[in-house]
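Structure, as structure tokens:
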Amino acid sequence: MNQKRYVVGLGEVLWDVLPEGKKLGGAPANFAYHAGQFLGSDYTIAISALGKDKLADETIEALKEHGLNNLLPRVPYPTGTVQVQLDEQGIPTYDIKENVAWDNIPFDDDIQQIARNCRAVCFGSLAQRNVVSRETIQKFLDATPDDCIKIFDINLRQQFYTQEILRESFQRCNILKINDEELVLIGRMFGYPGLDIENKCWLILGKYNLDMLVLTCGTNGSYVFTPGHISFQETPKVNVADTVGAGDSFTGSFVGSILNGKSVPEAHRTAVQVSAYVCTQNGAMPSYPEELLQ
């Protein structure tokens with residue numbers, strides 16, 4: 001009997017407290033949800049940690065409602081929350097609470113078993129702000145099979161990143177997902193601010209021996225760099241409700257499409273369509289219309 005191989009979102013599971021109320025969020029859960037729309041929910045899982053509180057129970061219920069498998073050990077810290085403020089264009093700013101459950105994800109036997117049978121994993125910088133979760137993420141990545149896709153969706157937030165964390169993550173991933181603002185910051189931090197966007201991407205792709213670098217530029221389109229080739233897609237014009245989770249939906253649908261055997265340009269096109277749709281909806285995990293999946 002073949003062991004089931006999972007696609008994993010690893011890191012923060014939390015509640016985005018929006019003006020209209022709270023919604024389940026966190027990049028890893030968002031990624032797993034959107035990848036699951038293309039791969040089937042049986043093969044995707046969100047890994048994080050929850051507190052021993054009422055909000056943790058609500059998290060489990062919300063994940064069930066979204067059909068999302070999860071591995072969420074309970075730890076003696078509060079379940080994570082984020083205060084989200086939206087500007088007139090629906091662009092969010094975040095106040096991310098510290099010393100919470102997802103800062104303290106334990107590397108237990110169940111998580112290790114998932115790592116050993118992992119087909120793809122998406123992780124970011126935010127969940128590495130605390131040493132406990134950082135070490136768990138690193139151990140997980142190091143335990144994955146050689147053919148595992150490891151996506152570093154950089155996701156810089158507030159002051160929760162360092163040059164060391166970023167460098168070690170670049171070295172452990174084989175796909176980097178980054179936006180244009182983050183690329184400027186990385187250029188400054190790592191000492192190549194004078195290069196244009198494309199040359200920065202080529203430099204990072206080669207320096208860390210990546211299979212792909214995905215660059216999103218908001219309304220100015222998106223790029224996928226692979227050795228010797230660039231895929232570009234324009235950003236569709238839509239009526240934006242909010243952009244919460246749009247980047248995660250891009251990553252999840254892109255990886256799901258790649259794992260389904262699509263070419264990079266085909267997967268890129270799907271990711272752009274999905275993220276544009278998510279921008280028209282409130283919250284990070286909307287239901288998909290049938291035509292989007294087809």
Side-chain angles (χ1 to χ4, degrees), residues 6-18 22-37 44-50 59 62-63 66 68-72 79-84 91-98 100-103 105 118 120-130 133-134 136-138 140-141 149-161 165-166 169-170 172-173 175-179 181-182 185 214-216 218 222 242-256 271 274-275 278-279 281 283-286:
Y6 281 105
V7 175
V8 177
L10 175 60
E12 66 273 14
V13 168
L14 44 81
W15 288 87
D16 291 318
V17 184
L18 296 149
K22 69 180 190 294
K23 291 183 181 292
L24 185 65
N30 296 342
F31 166 83
Y33 172 79
H34 291 286
Q37 303 305 303
T44 53
I45 187 167
I47 297 179
S48 186
L50 295 174
T59 305
L63 290 173
H66 286 97
L68 187 54
N69 292 314
N70 57 83
L71 186 52
L72 303 169
T79 299
T81 56
V82 179
Q83 290 294 141
V84 184
I91 308 299
T93 56
Y94 304 92
D95 176 19
I96 304 167
K97 305 305 179 186
E98 296 188 64
V100 294
W102 58 261
D103 285 315
I105 306 168
C118 185
V121 54
C122 184
F123 66 104
S125 57
L126 179 57
Q128 298 185 68
R129 66 182 182 176
N130 183 57
S133 289
R134 179 161 70 248
T136 292
I137 288 170
Q138 291 174 350
F140 187 100
L141 295 169
I149 296 174
K150 291 173 279 195
I151 310 101
F152 180 37
D153 191 347
I154 190 166
N155 205 21
L156 299 181
R157 292 284 183 262
Q158 295 174 209
Q159 76 281 11
F160 300 128
Y161 56 90
I165 288 170
L166 296 177
S169 298
F170 294 153
R172 279 182 164 87
C173 75
I175 298 178
L176 173 62
K177 161 87 181 314
I178 191 168
N179 67 37
E181 293 177 356
E182 292 166 340
L185 284 170
V214 180
L215 173 68
T216 57
S222 56
D242 70 54
T243 61
V244 176
D248 305 323
S249 72
F250 185 111
T251 313
S253 54
F254 179 79
V255 171
V274 168
S275 61
V278 170
C279 285
Q281 306 298 302
M285 300 185 198

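Residues take their numbers from the sequence shown, with the count starting at 1.
The minimum heavy-atom distance between Ser249 and Ser253, with the atom names listed, is O-OG, 2.6 Å. The two residues Ala49 and Leu72 make their nearest non-hydrogen contact at N-CD2, 4.2 Å.
No donor-acceptor pair closer than 3.5 Å links the side chain of Asn30 to the backbone N or O of Asp248. Ser48 places no side-chain N or O within donor-acceptor distance of the main-chain N or O of Trp102, the cut-off being under 3.5 Å.
Ser169 contributes atom OG, which lies 9.5 Å from atom CZ of Arg134 (distance to the nearest 0.5 angstrom). To the nearest 0.5 Å, the span separating CZ on Phe123 from CD1 on Ile154 amounts to 10.0 Å. Rounded to the nearest 0.5 Å, atoms NE2 (His34) and OG1 (Thr44) are 11.5 Å apart. Summarising the geometry, atom CG belonging to Leu176 is positioned 9.0 Å from atom CD belonging to Glu182; distances are rounded to the nearest 0.5 Å. Between the CD1 atom in Ile45 and the SG atom in Cys118 there is a gap of 10.0 Å [rounded to 0.5 Å]. Here the CD-CZ distance, from Gln138 to Arg172, works out to 4.0 Å after rounding to the nearest 0.5 Å.
With a 4.5 Å cut-off on side-chain heavy atoms, Leu63 and Leu24 count as touching. Contact annotation: the side chain of Val7 approaches that of Phe31 to within less than 4.5 Å [non-hydrogen atoms, C-beta and beyond]. The closest side-chain heavy-atom distance from Tyr161 to Asn155 is not below 4.5 Å. No side-chain heavy atom of Asn130 sits under 4.5 Å from any side-chain heavy atom of Glu98. Side-chain contact between Phe152 and Cys122 is absent, with no heavy atoms from C-beta onward closer than 4.5 Å. Between Val82 and Asp95, every side-chain heavy-atom pair lies at or beyond the 4.5 Å cut-off. At least one side-chain heavy atom of Phe140 sits less than 4.5 Å from a side-chain heavy atom of Val8.
With sequence neighbours excluded, no residue satisfies salt bridge (Lys or Arg N to Asp or Glu O under 4.0 Å) with Lys23. Looking at residues two or more places apart in sequence or on another chain, you find a salt bridge (Lys or Arg N to Asp or Glu O under 4.0 Å) between Arg129 and Asp103. Legend: residues meeting side-chain contact (heavy atoms from CB on, under 4.5 Å) with Gln37, ordered by chain and number and at least two apart, are Tyr33, Tyr288, Leu293. The salt bridge (Lys or Arg N to Asp or Glu O under 4.0 Å) check on Asp153 picks up Lys177, with sequence neighbours excluded. Partners of Ser222 by side-chain hydrogen bond (donor to acceptor under 3.5 Å, both in side chains), not counting sequence neighbours, listed by chain and number: His268. A search for ring-ring contact (aromatic ring centres under 6.0 Å, His included) contacts involving Phe160 returns nothing, not counting sequence neighbours. The ring-ring contact (aromatic ring centres under 6.0 Å, His included) search around Phe254 returns none, not counting sequence neighbours. Checked against side-chain hydrogen bond (donor to acceptor under 3.5 Å, both in side chains), Thr79 has the following partners two or more places apart in sequence or in another chain: Asp53. Applying the side-chain contact (heavy atoms from CB on, under 4.5 Å) test to Gln281 and every residue at least two apart in sequence or in another chain returns Tyr277, Pro286. Residues passing the side-chain hydrogen bond (donor to acceptor under 3.5 Å, both in side chains) test with Ser275: none are found, sequence neighbours excluded.
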How far apart are the C-alpha atoms of Val214 and Ile178, what are their side-chain angles, what is the distance that settles it, and do they pass the side-chain contact (heavy atoms from CB on, under 4.5 Å) test? CA-CA 6 Å; Val214 180; Ile178 191 168; over 6 Å; no
Mind running side-chain contact (heavy atoms from CB on, under 4.5 Å) on Val121 and Ile151 for me, showing each step along the way? CA-CA 6 Å; Val121 54; Ile151 310 101; over 6 Å; no
Side chain to side chain donor-acceptor pair (under 3.5 Å) between Gln128 and Ser133, worked out: CA-CA 6 Å; Gln128 298 185 68; Ser133 289; over 6 Å; no
Tell me which donor-acceptor pairs under 3.5 Å the side chains of residues 9-18 have, and how far apart each pair is, sequence neighbours excluded?
residue: Trp15; atom: NE1; partner: Thr59; partner atom: OG1; Å: 2.8

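Counting heavy atoms of neighbouring residues, nucleotides and ligands inside a 6.0 Å radius, atom CD of Gln83 exceeds 12 of them.
Under the side-chain contact (heavy atoms from CB on, under 4.5 Å) rule, Leu156 has a single partner from Leu126, Leu166, Asn179, which is Leu166.
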